[in-house]
Colleague: 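Below is a structure I'd like to ask you about.
Within every chain, numbering begins at 1; the chains are lettered A, B, ... in the order of the sequence lines, protein sequences first and strands thereafter.
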There are 2 protein chains.
Amino acid sequence: MSVDQAAKRDIPDATVARLPGYLRALGQLTAQDVLSVSSEELAYSAGVSSAKLRKDLSHLGSYGVRGVGYDVAHLTYQISRALGLTHDWPVIIVGMGNLGRALASYGGFATKGFKVVALLDRDPQLVGDRLDDLTIQPMDELADVVTPGEACIGVVATPAASAQDVADLLVTAGVSSILNFAATAIQVPEGVHMRKVDLSTELQILAFHEQQRSGAVSDELLEEIG
Amino acid sequence: MSVDQAAKRDIPDATVARLPGYLRALGQLTAQDVLSVSSEELAYSAGVSSAKLRKDLSHLGSYGVRGVGYDVAHLTYQISRALGLTHDWPVIIVGMGNLGRALASYGGFATKGFKVVALLDRDPQLVGDRLDDLTIQPMDELADVVTPGEACIGVVATPAASAQDVADLLVTAGVSSILNFAATAIQVPEGVHMRKVDLSTELQILAFHEQQRSGAVSDELLEEIG
DNA sequence: GCGACTTTGTGCATTTGTTCACAAGAGCGT
DNA sequence: ACGCTCTTGTGAACAAATGCACAAAGTCGC
């Protein structure tokens, strides 16, 4: 095993979760023709502390220059490589309701690294509709769009009720990474990676903090009175 | 300050982030007329370990019965209360493109706890369109829809380029919690809570793990050969 | 009532992540 | 060549989160 691979192997999860943010900030700098950036500046753009940024980057290797900063283009390349974005990953979206359609036309895929290769829906009414360059296909064509041996990411954008069934079908077809937008937890066998994105979860977390804030205000008032 | 409030005060962030998942799992149990559930079962439904679930719940108080489990209705209430969902929070959505519209009609809001009170967009073409029960309003009516003194959650679903401007406007209008769906990091003043949901970030994290997997496979092959 | 059985709640050890503070470099002017 | 200034990279201290294992506390059958 090369040293290089060993270095990649043990990038902490917390760091991996932040790398896309750095990549995006670097993209904005590139668009502004900025050639070099300090950890302080990049950290600000990405919304983290500079110490955290430097430690994160140190897990990838030593790509900065002391006294100067980081070369925007080179760091972009190194992070892309660490994340495995040197080639495009095929993405399949299942569920062409409001959300599925929004996702399909979302610029997020245009970002280098992903390519939507198929849109699926169970509803015969939707099958055949065109969206951008793709035609919506029925569920039973799933096996045809997954290339055996090639890794592929499945996006579940169906109602909660069918999310588990869809996930099972994806796994059976050989998809080993699933992004779940449905409003339910889904179970996947070991070895399959699953991430969940959920509007109401995020709102509820915000609600908690709002409530904490108002609670704190009440307490201050109470203390003043008491 | 009551003991109760003190207990709520120091719920760890990691726990808060998982409470919505428990709440959802409990909702499904309620729908199935299940009255009582063990930590093992509930943990499975929510996709966490039972030890983690029990420790999480222990931060809210002691609402289980040893040897029996948790009362579904009571635990639902306690978690709702801890999250501050005992009354509805008003939500404003800014940006009525594909994503904004999908969010507005998403069932996630129907979940008890939130109520969309306004839809805004900068584009005069969209202003006046109706969506469900609401009419899309121009940006300059923002001040009118935020009730002074009442906490409110703002959802940013605009293109990346205008996200920061929109966030600034929201903050100025008095919104103190922001959920950002735009493909960019935004800066908010201290005291304002901000969370970010991003498709490409999630895809990139999945890509990283896929790449790790394929790397691991290569390494195994190399070891067998060597 | 009492013992067998079940499941919670929690103290403790371990792992993971963050922050601090500074030595080690690298460029620059003289 | 040398010292000055800047910024990285990192060891070490600190904090947060997780997982383990079991005592405490309940139910149930008899």
Colleague: More 5' along DNA chain D: A:R66 or A:K55, using each one's nearest nucleotide?
Modeller: A:R66
Colleague: To the side chain of A:R18, which of D:dG19, D:dT8, C:dT18 is closest?
Modeller: C:dT18
Colleague: Does D:dT7 have OP1 or OP2 under 4.0 Å away from a side-chain N or O of A:S39?
Modeller: no
Colleague: In whole Å, I'd like the distance from the CG atom of B:L57 to the P atom of C:dT7.
Modeller: 16 Å
Colleague: Roughly, in whole Å, what's the span from CG in A:L53 to P in C:dT18?
Modeller: 12 Å
Colleague: Let me spell it out: for each of A:G67 and A:S58, pick the nucleotide of DNA chain D with the closest heavy atom. Which residue's pick is nearer the 5' end?
Modeller: A:G67
Colleague: Flag yes if more than 12 heavy atoms outside A:Q187 fall under 6.0 Å of its CD atom; otherwise flag no.
Modeller: yes
Colleague: Can a donor-acceptor pair be found between the side chains of A:S39 and A:R54 at a distance below 3.5 Å?
Modeller: yes
Colleague: I want to verify a distance call: between D:dG26, C:dT10, C:dC20, whose nearest atom is closest to the A:A51 side chain?
Modeller: C:dC20
Colleague: Can you see if the side chain of B:Y63 gets near the phosphate of C:dT7 - specifically, an N or O under 4.0 Å from OP1 or OP2?
Modeller: no
Colleague: Can you tell me if B:Y106 and A:N98 form a side-chain donor-acceptor pair at under 3.5 Å?
Modeller: no
Colleague: Please check if any side-chain donor atom of A:Q164 sits under 3.5 Å from a side-chain acceptor atom of A:T184, or the reverse.
Modeller: no
Colleague: Could you please name the option among C:dC22, C:dT18, D:dT27 that lies closest to any side-chain atom of A:K52?
Modeller: C:dT18
Colleague: Rounding to an integer number of Å, can you tell me how far B:D10 CG sits from C:dT10 P?
Modeller: 13 Å
Colleague: Out of D:dG9, D:dA17, C:dA26, which has the shortest distance to the side chain of B:A14?
Modeller: D:dA17
Colleague: Please compare A:S49 and A:V65 by the position of their nearest nucleotide in DNA chain C and report the one closer to 5'.
Modeller: A:S49
Colleague: Roughly, in whole Å, what's the span from CD in A:E40 to C1' in C:dC20?
Modeller: 14 Å
Colleague: When you match A:R54 and A:V68 each to their closest nucleotide on DNA chain C, which lands nearer the 5' end?
Modeller: A:R54
Colleague: Measuring to OP1 and OP2 of D:dT7, would you say a side-chain N or O of A:S38 lies under 4.0 angstrom away?
Modeller: no
Colleague: Send over the distance from A:L75 CG to D:dT7 C1', rounded to a whole Å.
Modeller: 14 Å
Colleague: Once the angle between the rings of A:H74 and A:Y77 is folded into 0 to 90°, is it parallel (under 30°), tilted (30 to 60°) or perpendicular (over 60°)?
Modeller: parallel
Colleague: Using whole Å, report how far CG of A:D56 lies from C1' of C:dG17.
Modeller: 10 Å
Colleague: Starting at atom OH of A:Y22, determine the distance to atom C1' of D:dT8, rounded to an integer number of angstrom.
Modeller: 15 Å
Colleague: What's the CD1-P distance between B:I11 and D:dA16, to the nearest Å?
Modeller: 15 Å
